[in-house]
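Notes to accompany the following structure.
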Amino acid sequence: MSSLPEGWDMVVGLEVHTELKTATKLFCGCANNFGDEPNTNICPVCLGLPGSLPVLNEGAVEFAIRIGLALHCVVQPSSFHRKNYFYPDQPKDYQISQYDVPINGPGYLDLPDGSRVGIERAHLEEDTGKTTHVGGTGRIHGSDESLVDYNRSGVPLVEIVSGPDIRSAEQARGYAAELRSILIASGASDGRMEEGSMRVDANVSVRRGTEAPFGTRCEIKNLNSLRSVQRAVEYEALRQIAILDDGGTISQETRHWDEDAGKTQTMRSKEEAYDYRYFPEPDLVPVVPSEAFIRQIEAELPPMPAQRRRELIAHFGDAATDAQLDQANAAVELNLDPFIVGAIEKGITPALALARTANELAGLGDDAMSLPKDDYIALLKMEDAGELSATQSKKVLADLVAAGGGDPKAVAESKGFEQLDAGALDATLDEIIAANPDEWARYREGDDKLTGFFTGKVMAATQGQADGKAVNAALRQRRS
Amino acid sequence: MNAGEVSAVALANESLQQIDSQEGEIHAFVEIQREQVLRKAQAIDDGVAQGKNMGVLAGVPLALKDNLCQHGEVTSCASNILSGWRPPYDATVVSRIETAGVLIVGKTNMDEFAMGSSTENSAFGPTKNPHDTTKVPGGSSGGSAAAVAASMTPLSLGSDTGGSIRQPAAFCGVVGVKPTYGLVSRYGLVAFASSLDQVGPFAGSVADAAALLEVIAGHDPKDSTSLNAPAPALSSHLDDGVKGMRVGLCNELLEGCAPDMVAAIKRAAEVLSNAGAEIIEISIPELKLGLSAYYLIAPAEASSNLARYDGVRYGVRVDAEDVTAMNTATRTAGFGDEVKRRIMLGTYALSAGYYDAYYGQAQRVRTLIINAFTKAYSSVDLLLGATTPTTAFAIGDKVGDPMSMYQSDICTIPTNLAGHPALSVPFGVGDDKMPIGAQLLGPALSEQQLFQAASVLEHGANS
Ligand SMILES: [Zn+2]
């Protein structure tokens, strides 16, 4: 599983910050809206004006508990602390966070590959504002100006801290992916990494062999996609191994992942680390959710990805191939499985519903989620009935998603898609066989691998208008 | 007032005239809202003329401590770092007194960010004691106490973190009340030490203080530490007396005090006894630990509360080559010495490796003091002692000696640590003819009994 040099082991723990989808901020009534005009969702409290006081948003507590329950955490009475450090986008120059008693204590997360990663805690805290450095170097030191948008200040966050249980970069990615899909499924977060609503930091260390004590760790920041989680962890482990192999030592530090360069770089050394001077937040009282409140949240928790994966795979019985299992995982990870289940329930061939969803719909980004399910199923019905070829169906799908839905028949007509008639298909096949006599001879002798070769040629010649199943049938008929 | 016998404009003018004649010498105010107060007074008179009820304190002038946010009016905490800052919102107590028809005549001087016991730590110069202008008015709410003592306003509001209402009330010979923690909203009170701060009234009489406290007390959803308790009924119980009340004459609130102070408080005990209270001598040794615990907890919280004055968003900014240097330059120029001293003390007390020995230990002491009070209140209803060890000291006497300045709060601090209510009521004068304050303390939400006893002392003070 690991691509590390022989004899080396990596130890990784992830800290994931996720913004909660509450209507209002954590400690005031301002709207929690991403993308609004800067500094429009602000008030004395989230600006930290002198004299202002925080009041805890019950909705954020409920969302935090949802996350805790989804991660099998101990939900417990908790309190807030102040984490003190100076930064311009932090209006009070302290962050209200949870420290020794988080709302969610230990739990765990099971990955699709069967491994289990421990959760140490999942606690509530407030987000900071967002600083943009303008001119000059474009970073905090050396820019001409820094602009701060406080719309994000006070947005509720849950920080989920895993145990040091992750042993490979792939597993780190898998953990982040599964966690993301749990967060979305719970309804507490939208998990949009590119917008920063889910942010991942990785603590990485290496050791010689799986039994050695943990090595000195480095914290990697700025992991903005699942891909960068995997790449950064891999890079960092190899960097540390190279240093140790050379007889060097690892210094504990915070490092920045540069996605373009594919490298981690020093941000702060241990000596420069902040002393946060945590102490109990005197402006807030302890959070003591009642047992009845917790049980009610538990009862209303939607099905989690692991269960949905099991339910999805059940539609394929024992016949599911490894590729289909991967597709099922991918679909659930992106919360697209309701499209598949919905289609199957309407009589669509399960393999088609799975493939089209996991391959094509998933590739269309976050907009895919907003496609009306009925439009999608109507499209699959046309393809399943042979009214559209696979290639045509994919093109119609892209248009439907871009338009946020529509009638697939109308879209197909507007694109001039009609099924190739049998005569045209025969004529095309004649030409292709004549042009490729060697391949045809091998195919006739039973080399099935060439099915794809001929299908591809037909598709290319007909610009995808041919139906793959019809091509296969015609080929088999000519061989016999 | 609502009966239309006195006009609000007349009251406002009377207050402004007294300010004009006294302010030059006393310097109780950092800002006087002359036009605003006359406009508000006229509106009240107009309302009364139309038969409207303009509030229970309609037309009564009041002075507001400069750490209470008032929409659009300068709120500087007597600090250079906030000079000229105008909040875009009202403190809850400000909304409540405005609704009650109070006329806010201005913002009063104070020790910078409420850190001090003499009002000498103001960035805008000291306030003088109206009884003797060579003496301090006490602090940190010195301006609010002096405004009432000099009859500039009948009422004022202050804040009490370690005695900042009661000590200046005692020094200036007025009534000052530190309510139960959580009884009065802190929303809009610029924080010094959040777990100790409480807003409270100053007045020339116990009855006036009761009326003002009734207006500002009560639950506020904007303050999470606000108690879910109704405002106590005070005015209607002022004449209920102390018959059968058990009052503990507290040794620790007398033993370090000057002889004239001790004699006065013993006379106060007699007055209560003559009115039917049972006087019980009581010792609570844990109270002596209060001062050292306070000077760790309050600076620790202050070091965090005052971090926001960084030059980024409001107040003064001193430019420098980068953000960190700008923060440092702003804070170096903007804060006075006492504020810097407490920020450093508090930062140190919370630092990694020291937290448990300092802040942690102080919190354990705080628990000890709370438990000691609880035990005491199982055998007495209220405690009686001095508000201050001495009468008002001379301006300049203690500015060079912070430890001796801190000692002047030794009798008031334990109450804040416990979150209990206490008040200071004038009770005679010392050998120097300066006012003496008798302090009454009680368990949480015992304001009604405290005011009953204070009323008895007020009537017996001159007997
Ligand atoms: Zn806000």
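Here is how names work: the chains are called A, B, and so on, in the same order as the sequence lines, proteins then strands, and each is numbered from 1.
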Does B/Tyr89 use its side chain to pair, donor to acceptor, with the backbone of A/Ser52 at less than 3.5 Å? yes
Tell me if the CZ atom of A/Arg217 is crowded by more than 12 foreign heavy atoms within 6.0 Å. no
Who wins among B/Gln363, B/Glu321, B/Arg331 for the most heavy-atom pairs under 4.5 Å with chain A? B/Arg331
State, with a plain yes or no, whether a side-chain heavy atom of A/Tyr87 is found less than 4.5 Å away from one of B/Asp310. no
With a 4.5 Å heavy-atom cut-off, do B/Thr75 and A/Pro50 have their side chains touching? no
Of all the heavy-atom pairs spanning B/Tyr181 and A/Pro282, show the shortest one and how long it is. OH-O, 4.2 Å
Given that the side chain runs from C-beta out, which part of B/Ala352 has a heavy atom under 4.5 Å from chain A: side chain, backbone, both or neither? both
What part of A/Tyr278 is in contact with chain B, defined as an atom under 4.5 angstrom from a non-hydrogen atom: side chain, backbone, both or neither? backbone
Would one find more than 12 heavy atoms of other residues, nucleotides or ligands at under 6.0 Å from atom OH of B/Tyr355? yes
Can you see which heavy atom on B/Ala307 is nearest to which on A/Phe86, and at what distance? O-CE2, 3.2 Å
Determine whether more than 12 heavy atoms belonging to other residues, nucleotides or ligands lie under 6.0 Å from atom OH of B/Tyr354. no
Please look at A/Glu281 and chain B and tell me whether the side chain, the backbone, both or neither of the residue comes under 4.5 angstrom of a heavy atom of that chain. neither
Sort out for me which of A/Cys43, A/Gly48, A/Cys28 touches chain B most, counting heavy-atom pairs under 4.5 Å. A/Gly48
More than 12 heavy atoms of other residues, nucleotides or ligands under 6.0 Å from CD of A/Glu58: is that the case? no
Among the listed options B/Ser195, B/Cys77, B/Gly188, the residue most often paired with chain A at heavy-atom distances under 4.5 Å: B/Gly188
A/Phe279 and B/Ser304 have their tightest heavy-atom pair at CE2-CB, 3.5 Å
Side chain / backbone / both / neither for A/Asp283 at chain B, heavy atoms under 4.5 Å: both
Can any side-chain N or O of B/Arg313 pair as donor or acceptor with the backbone N or O of A/Pro91 at less than 3.5 Å? yes
Write down the atom of A/Pro88, the atom of B/Val312, and the distance for their closest heavy-atom approach. O-CG1, 4.1 Å
Need one label for A/Pro44: side chain, backbone, both or neither, based on atoms under 4.5 Å from any heavy atom in chain B. side chain
Indicate the atoms forming the closest heavy-atom contact of A/Arg82 with B/Glu301, along with that distance. NH1-O, 4.2 Å
Check whether B/Val190 gets within reach of chain A through its side chain, its backbone, both or neither, counting any heavy atom under 4.5 Å. both
Part of A/Tyr94 lying under 4.5 Å from any heavy atom of chain B: side chain
Heavy-atom pairs under 4.5 Å with chain A - which of B/Asn67, B/Leu82, B/Leu68, B/Asn305 has more of them than the others? B/Asn305
With only heavy atoms counted, which part of B/Asn327 is less than 4.5 Å from chain A, the side chain, the backbone, both or neither? side chain
Looking at B/Tyr358, I want to see if its OH is surrounded by more than 12 non-hydrogen atoms of other residues, nucleotides or ligands under 6.0 Å. no
Value for CG (A/Asp93) from OG (B/Ser303), rounded to nearest 0.5 Å, stands at 11.5 Å
Kindly check if the number of other-residue, nucleotide or ligand heavy atoms within 6.0 Å of NZ (B/Lys340) is above 12? yes
Could you check which of A/Val55, A/Leu53, A/Val148, A/Asp275 has the highest count of heavy-atom pairs closer than 4.5 Å to chain B? A/Leu53
